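These numbers come from a predicted model, not from an experiment.
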Amino acid sequence: MKLFGKGGKLNIIDIILIVILIAAVAFVAIRFLSDDKNTLGSDVALSEPNLVFTVVCEDVSEELANNIMASLASPDSELDGNIISMTRLFNSNKLVDAKVSTWEYQDGALSMTMEGKAIYSNGAFSIGTQEVRIGKVFNVKTLDVEIEGVVYAMEKLG
């Protein structure tokens, strides 16, 4: 088996394969040898929100709703040297610039209002990696809670 193309010369396919192999080895080395173990992101205070939206989780048992609301109401926690609000949203292994501002349980449905600094791109607002659109499923995820609901309302601020 020859390492190179005809006549022992490098062809474009050989060069591409070598570059891909070097990039893969470099990525793995950087990923595993990095000392940065902080996956929470910034502990900076939330910035001025530009989006407020309501997520409703249907068919939630009263016990589950009470546990979720107790978690959201619990005091801030210290984790890896960061003070984290239990209402702060968490997405893709990082804290995002959004929080649960109010919550209410009524008739088997848990309603939560979120506010945050959403990114507008490709015709949609996004919090972390999740698009926010009325009628779309949204996973409300904090450090202690993860529950799926549907966006029922949204208001763009300024």
Side-chain angles (χ1 to χ4, degrees), residues 16-17 19-105 108-158:
I16 291 171
L17 289 174
V19 169
I20 290 172
L21 182 62
I22 290 170
V25 169
F27 174 77
V28 169
I30 290 170
R31 183 81 171 167
F32 287 108
L33 298 177
S34 173
D35 287 338
D36 184 19
K37 302 296 184 208
N38 184 6
T39 60
L40 290 177
S42 173
D43 58 348
V44 178
L46 293 167
S47 59
E48 191 67 31
N50 65 350
L51 187 69
V52 174
F53 59 101
T54 301
V55 175
V56 176
C57 308
E58 307 256 349
D59 299 324
V60 177
S61 71
E62 187 173 353
E63 181 181 5
L64 177 58
N66 287 335
N67 287 334
I68 290 170
M69 292 186 297
S71 174
L72 293 172
S74 64
D76 295 350
S77 291
E78 183 176 342
L79 187 61
D80 293 334
N82 295 314
I83 303 297
I84 310 297
S85 169
M86 292 297 103
T87 60
R88 187 86 179 254
L89 294 183
F90 190 74
N91 182 270
S92 296
N93 209 24
K94 293 198 183 279
L95 292 168
V96 294
D97 198 1
K99 68 176 183 174
V100 181
S101 55
T102 63
W103 50 89
E104 175 184 32
Y105 180 71
L110 179 61
S111 176
M112 293 175 279
T113 301
M114 264 57 82
E115 58 183 45
K117 185 74 170 178
I119 305 290
Y120 185 78
S121 175
N122 298 323
F125 283 96
S126 296
I127 297 288
T129 60
Q130 295 189 87
E131 285 186 356
V132 180
R133 296 176 191 247
I134 296 171
K136 187 164 178 64
V137 171
F138 188 89
N139 289 311
V140 178
K141 185 176 180 181
T142 67
L143 291 177
D144 290 342
V145 172
E146 183 169 358
I147 190 165
E148 185 177 275
V150 174
V151 178
Y152 268 61
M154 62 186 275
E155 177 186 357
K156 300 162 197 94
L157 307 173

Reference residue T113; test side chain to side chain contact (heavy atoms under 4.5 Å, CB included); the match among V100, T102, V55: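 Among V100, T102, V55, the one meeting side chain to side chain contact (heavy atoms under 4.5 Å, CB included) with T113 is T102.
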Side-chain heavy atoms of I127 within contact of M114, under 4.5 Å: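 Result no, sub-4.5 Å side-chain heavy-atom pair not found.
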Between F90 and I84, is any pair of side-chain heavy atoms under 4.5 Å apart?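 Contact flag for F90/I84 side chains = no.
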Run the side-chain contact (heavy atoms from CB on, under 4.5 Å) check on L110 and V140 step by step: do they pass? CA-CA 11 Å; L110 179 61; V140 178; over 6 Å; no
Applying side-chain hydrogen bond (donor to acceptor under 3.5 Å, both in side chains) as the test, list every pair that has at least one member in residues 136-155; sequence neighbours left out.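 Qualifying pairs, neighbours excluded: E58-Y152.
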Side-chain (T87) to main-chain (S101) donor-acceptor, under 3.5 angstrom: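 Not confirmed, T87 side chain does not pair with S101 backbone.
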Give a yes or no on whether the backbone of V60 and the side-chain of Y105 come within a donor-acceptor separation of less than 3.5 Å.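 Between the backbone of V60 and the side chain of Y105 there is a qualifying donor-acceptor contact (under 3.5 Å).
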Name the atoms and distances for all side-chain donor-acceptor pairs under 3.5 Å in residues 66-78, with sequence neighbours left out.
unit_1, atom_1, unit_2, atom_2, d
N66, ND2, E62, O, 3.2
N67, ND2, E63, O, 3.4
S74, OG, S71, O, 2.6

Tell me the closest heavy-atom pair linking [X] and [Y], and the distance in Å.
| X | Y | value |
| --- | --- | --- |
| C57 | G149 | SG-CA, 3.8 Å |
| S111 | T54 | OG-CG2, 3.5 Å |
| V56 | A109 | CG1-CB, 4.0 Å |
| L95 | R88 | CD2-CG, 3.6 Å |

Are M86 and L143 close enough, and set up right, to give a side-chain contact (heavy atoms from CB on, under 4.5 Å), and what steps lead you there? CA-CA 7 Å; M86 292 297 103; L143 291 177; 4.1 Å; yes
CZ of F53 to CE of M112: how many Å apart, nearest 0.5 Å?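 These two atoms lie 10.0 Å from each other.
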Partners of F125 by ring pair (Phe, Tyr, Trp, His ring centres under 6.0 Å), sequence neighbours excluded?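 Partners of F125 by the ring pair (Phe, Tyr, Trp, His ring centres under 6.0 Å) criterion, ordered by chain and then number, come out as Y120.
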